Structure formats: structure tokens, C-alpha cells
Participant: 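The structure that follows is given in the form of C-alpha cells.
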Amino acid sequence: MSTDSTVTGGDGPAAGVVLVGGRSSRMGESKAALEWHGSTLVRRTAGLLARTVDGPVVVVRAPGQPLPELPARVEVVDDPAEGLGPMQGIATGLAALSDRALVAFVCSTDLPFLHPAYIRRVLAALDADVDVVLPHVNGHRQPLATAYRTALAPVVAGLVAHGQLKLAMLFDHCRVRRIDDAALLTDPRLHALDPALDSVLNVNEPDDYRAARARPAPEITVQRYGALASAGKRGPTAVEAATLGAAAAAVGLALDRHVVAALNGDQITRDPEMPLVAGDAIAFLSADAGG
């Protein structure tokens with residue numbers, strides 16, 4: 001199975017929610033707009049969800065909050081009220097999806113190492129017996145890297161309306177499956193590509209961001225075909241690249257109208273900010289000659 005194979009929940013297409021409406025008081029600036037290898041954190045997180053789930057992806061922001069450019073298929077919805085925390089954001093996001101998907105992966109914007117294999121593993125554990133799959137990584141709950149049934153939207157909204165804003169209160173009102181590190185890593189692809197479960201590593205403060213940004217970009221495999229593979233440029237090449245544009249530049253290509261890329265053999269794109277992760281394989285083809 002390719003790294004980028006899109007996923008569904010057990011009841012149909014899975015959707016995605018990215019929460020960006022927090023005040024980022026510890027960071028001192030908008031986390032969503034933080035630079036990430038030539039892109040932004042929100043562009044990366046939303047793009048990873050969009051390339052992984054079959055259903056729609058929504059970004060939930062504070063009313064009127066400015067955002068960097070997002071992938072074409074990602075929608076933006078506004079919280080009806082500001083300052084009520086992630087419970088309000090989850091209620092808004094699930095409600096925006098409730099007529100189009102039964103399940104959604106919900107996450108914060110500041111997960112630069114989120115991997116599609118983690119998203120797939122968590123969604124796969126959401127079956128007819130539960131409403132929430134709540135990962136526990138290194139002994140800590142990860143409610144903002146979790147799978148929820150969209151039918152929970154009115155439940156969450158009701159809790160918010162009564163001033164119950166702690167996520168733990170939600171878990172007292174629904175069926176929760178808790179899944180720890182060992183259970184998550186029974187998935188062989190997740191074990192191979194994100195063994196430390198860095199998917200849930202967030203950046204709350206400037207030092208967190210600087211340390212995360214200093215890490216090398218993920219290692220991916222690039223191969224050129226057709227006219228692009230002339231002059232001894234055939235065969236796979238390993239490069240470090242966090243975006244499709246960086247992968248192209250690493251092998252001396254420009255992502256213009258003459259070049260198209262196939263991500264993991266199935267998604268065709270020339271979006272330079274398409275986020276890449278460890279294990280990805282990119283095939284560059286000549287758009288003029290059909291590869």
C-alpha cells in the first residue's frame with residue numbers, strides 16, 4: 001500500500017478538521033502562519049489531511065482570523081465565538097462536516113511531523129462500537145490528534161453552551177476507545193515511518209518551534225521519467241524535502257507547466273507546497289510528452 005493511499009472510516013469517507021483559532025499566547029505569534037520549509041504550519045497540516053482522507057477538510061478559525069493560503073480543496077469555517085478553546089472549535093468543525101462524513105480526524109495546526117500513517121491508524125480504530133478514538137502517547141492524551149464521530153457535534157456544542165469547556169468532559173459523554181503507543185505501533189507502516197510517534201509532537205513555544213524547524217526535512221525518493229530522465233538522470237534518488245517544490249529543486253527541476261508529479265503512484269499534482277513525509281515516492285514526468 002502506498003504511503004499516500006487515502007482513507008475512509010468504517011462507515012464511509014473520513015473527513016478532516018484543523019483547529020487554528022487559539023490565541024498562541026505562549027508562541028507570541030500565530031502558529032498557523034509560522035514558516036515551515038518554505039510553506040506554513042497550517043498549509044502543511046491541512047495539506048497532509050487533504051492528501052490522506054477521502055472526505056472534505058475544514059480549517060476552523062477565530063472569527064475573521066487571517067490565514068495563509070490553503071490547499072484548493074480545504075474549506076474555512078469561523079467559530080461563532082472567540083476564546084472558548086478547542087471544544088468550541090471541535091463543535092464547529094464536526095457540525096460543518098456532519099452532513100458529508102460520519103467520522104473525522106481532528107487536530108491542531110501545530111503538528112509539523114504529522115504522518116498519514118498515524119492518521120490512518122487512528123481512523124481505522126473508529127468502528128461502530130465507539131464515538132472517539134483517543135490516542136495516549138508517552139502517557140499523555142492526544143485529544144487534538146484524534147478521531148471523532150461527526151454526530152458528536154451537538155453533544156460538544158451543548159457542553160460548550162453550559163460552560164463545560166474541558167475536553168475531558170466530552171469523554172464522559174461518549175464511547176471512547178483509548179489506544180496507547182504499543183497499540184498504535186502494531187501498524188507496520190506507522191512503526192516503520194514514525195516509530196517515535198512524532199506525529200503528535202506540537203510546538204507551543206518559540207524554543208519548540210526552533211528545535212522542530214532545525215530537524216532535517218523528511219527523506220523521500222524521487223524518480224524522473226521520459227524526457228526528464230535523459231542524460232544519465234534515470235533511477236531513484238533519495239533527497240530531503242518537506243514539499244514537492246523542494247523535491248523538484250533537489251533534482252534540478254522547476255515545477256512549471258511542463259512538469260507534473262505523481263505522489264506515491266496515485267495523486268497527480270504540481271502544487272509546490274504539497275507536503276511530503278518520510279516514505280513518500282515522487283515520480284516527475286514531462287507534461288508535454290505525457291511522461
Side-chain angles (χ1 to χ4, degrees), residues 4-22 32 42-61 67 70-80 84-111 114-135 141-160 167 169-171 173-179 184 187 190 199-200 202 275:
D4 211 46
S5 180
T6 52
V7 293
T8 63
D11 301 305
V17 177
V18 182
L19 305 182
V20 302
V42 69
R43 176 66 178 79
R44 179 169 181 82
T45 307
L48 283 169
L49 277 181
R51 58 169 269 191
T52 304
V53 300
D54 278 348
V57 174
V58 299
V59 168
V60 182
R61 66 177 181 178
L67 292 176
L70 296 170
R73 62 167 287 201
V74 173
E75 307 166 23
V76 176
V77 296
D78 286 359
D79 266 339
L84 296 180
M87 282 277 276
Q88 175 66 75
I90 291 172
T92 300
L94 296 181
L97 295 166
S98 59
D99 62 345
R100 294 179 287 169
L102 296 180
V103 301
F105 183 88
V106 177
C107 65
S108 56
T109 189
D110 61 339
L111 300 178
L114 183 63
H115 200 288
Y118 174 87
I119 299 170
R120 288 196 303 269
R121 175 67 183 96
V122 174
L123 283 168
L126 186 59
D127 58 27
D129 295 326
V130 295
D131 302 308
V132 176
V133 173
L134 179 62
R141 294 184 309 177
Q142 304 296 329
L144 298 184
T146 287
Y148 295 84
R149 289 198 171 276
T150 59
L152 288 173
V155 177
V156 187
L159 291 170
V160 172
L167 280 165
M169 295 178 177
L170 169 61
F171 304 138
H173 290 80
C174 59
R175 302 168 299 169
V176 179
R177 173 168 292 153
R178 292 167 173 81
I179 183 168
L184 287 164
D187 179 85
L190 181 58
S199 284
V200 303
N202 61 359

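Small disclaimer: the values here were computed from a predicted structure and weren't measured.
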Participant: Can you tell me how far SG of Cys107 sits from CG of Leu49, rounded to the nearest 0.5 angstrom?
Facilitator: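 One finds 4.5 Å between CG of Leu49 and SG of Cys107.
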
Participant: Minimum heavy-atom separation for Ala96 to Val77, with atom names?
Facilitator: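 Heavy-atom minimum between the residues: CB-CG1, 4.0 Å.
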
Participant: Go through the structure and list residues passing side-chain contact (heavy atoms from CB on, under 4.5 Å) with Ala145, not counting sequence neighbours.
Facilitator: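 Ala145: side-chain contact (heavy atoms from CB on, under 4.5 Å) contacts with Phe105, Leu111, Tyr118, Gln142, Val200.
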
Participant: Test side chain to side chain contact (heavy atoms under 4.5 Å, CB included) on Val155 and Leu170; report intermediate values, then the result.
Facilitator: CA-CA 8 Å; Val155 177; Leu170 169 61; 4.2 Å; yes

Participant: Could you report the tightest heavy-atom contact between Val74 and Ala50, atom names first, then the distance?
Facilitator: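 Result for this residue pair: CG2-CB, 4.3 Å.
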
Participant: Enter the distance from Thr45:OG1 to Leu114:CG here, rounded to the nearest 0.5 Å.
Facilitator: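 Atom-to-atom, Thr45:OG1 and Leu114:CG are 6.5 Å apart.
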
Participant: What pairs with Arg43 under salt bridge (charged side-chain N to carboxylate O under 4.0 Å, His left out), at least two apart in sequence or on another chain?
Facilitator: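 For Arg43, the residues satisfying salt bridge (charged side-chain N to carboxylate O under 4.0 Å, His left out) (neighbours in sequence not counted) are Asp271.
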
Participant: Flag the pair Pro116 / Leu48 as yes when at least one side-chain heavy-atom distance between them is below 4.5 Å, and no otherwise.
Facilitator: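 Answer yes - side chains close enough.
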
Participant: Check for a donor-acceptor pair, side chain of Thr150 on one end and backbone N or O of Ala101 on the other, with a separation under 3.5 Å.
Facilitator: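 Side chain of Thr150 to backbone of Ala101, a donor-acceptor pair under 3.5 Å: yes, one is there.
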
Participant: Measure the shortest side-chain to side-chain distance between Arg177 and Asp127 over non-hydrogen atoms and say whether it is less than 4.5 angstrom.
Facilitator: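 Yes - at least one pair of side-chain heavy atoms lies under 4.5 Å apart.
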
Participant: State the CZ-CG distance between Arg149 and Leu126, to the nearest 0.5 angstrom.
Facilitator: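 So the CZ of Arg149 and the CG of Leu126 are separated by 5.0 Å.
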
Participant: Under the side chain to side chain donor-acceptor pair (under 3.5 Å) rule, collect the residues that match up with Ser199, sequence neighbours excluded.
Facilitator: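 Side chain to side chain donor-acceptor pair (under 3.5 Å) check on Ser199 returns Asp194.
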
Participant: Excluding sequence neighbours, so at least two apart, what forms side chain to side chain donor-acceptor pair (under 3.5 Å) with Arg175?
Facilitator: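 If we apply the side chain to side chain donor-acceptor pair (under 3.5 Å) test to Arg175, skipping adjacent residues, the hits are Asp131.
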
Participant: Check Ala125 against Ile179 and note the closest heavy-atom contact, atom names and distance.
Facilitator: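 Answer, listing the atom of Ala125 first, then Ile179: CB-CD1, 4.3 Å.
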
Participant: Can you name the side chain to side chain donor-acceptor pair (under 3.5 Å) partners of Arg44, sequence neighbours left out?
Facilitator: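 Partners of Arg44 under the side chain to side chain donor-acceptor pair (under 3.5 Å) test: none.
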
Participant: Which pair of heavy atoms, one from Val156 and one from Ala91, lies closest together, and at what distance?
Facilitator: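 Result for this residue pair: CG1-CB, 3.8 Å.
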
Participant: Which residue pairs pass the side-chain hydrogen bond (donor to acceptor under 3.5 Å, both in side chains) test when at least one of the two sits in residues 87-101, sequence neighbours left out?
Facilitator: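 Checked against side-chain hydrogen bond (donor to acceptor under 3.5 Å, both in side chains) - neighbours excluded - the pairs reaching residues 87-101 are Glu75-Arg100, Asp79-Thr92, Gln88-Thr92.
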
Participant: Can you name the side-chain contact (heavy atoms from CB on, under 4.5 Å) partners of Ala153, sequence neighbours left out?
Facilitator: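 Once residues adjacent in sequence are excluded, the partners of Ala153 under the side-chain contact (heavy atoms from CB on, under 4.5 Å) criterion are Leu94, Ala95.
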
Participant: Go through the structure and list residues passing side-chain contact (heavy atoms from CB on, under 4.5 Å) with Pro143, not counting sequence neighbours.
Facilitator: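 If we apply the side-chain contact (heavy atoms from CB on, under 4.5 Å) test to Pro143, skipping adjacent residues, the hits are Leu134, Arg141, Tyr148, Leu167, Phe171.
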
Participant: Say you draw a straight line from CE of Met87 to CG of Leu19; how long is it, rounded to the nearest 0.5 Å?
Facilitator: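 It comes to 12.0 Å.
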
Participant: Nearest 0.5 Å please: distance from the CG atom of Leu144 over to the OG1 atom of Thr109.
Facilitator: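 Rounded to the nearest 0.5 Å, the CG-OG1 separation comes out at 11.0 Å.
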
Participant: Whether the side chain of Arg121 engages the backbone of Leu190 through a donor-acceptor N/O pair (distance < 3.5 Å, no angle test) should be reported.
Facilitator: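 Such a contact is absent between Arg121 side chain and Leu190 backbone.
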
Participant: How far apart are the closest heavy atoms of Pro135 and Thr146, and which atoms are they?
Facilitator: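 The pair with the smallest heavy-atom distance is CD-OG1, 3.3 Å.
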
Participant: Identify the two heavy atoms, one from Val17 and one from Ala104, that lie closest to each other, and give their separation to 0.1 Å.
Facilitator: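 Scanning both residues completely, I find the closest heavy atoms to be CG2-CB, 4.4 Å.
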
Participant: A side-chain contact here means heavy atoms from C-beta on lying under 4.5 Å apart; do Val60 and Ile90 qualify?
Facilitator: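 No, every pair of side-chain atoms sits at 4.5 Å or beyond.
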
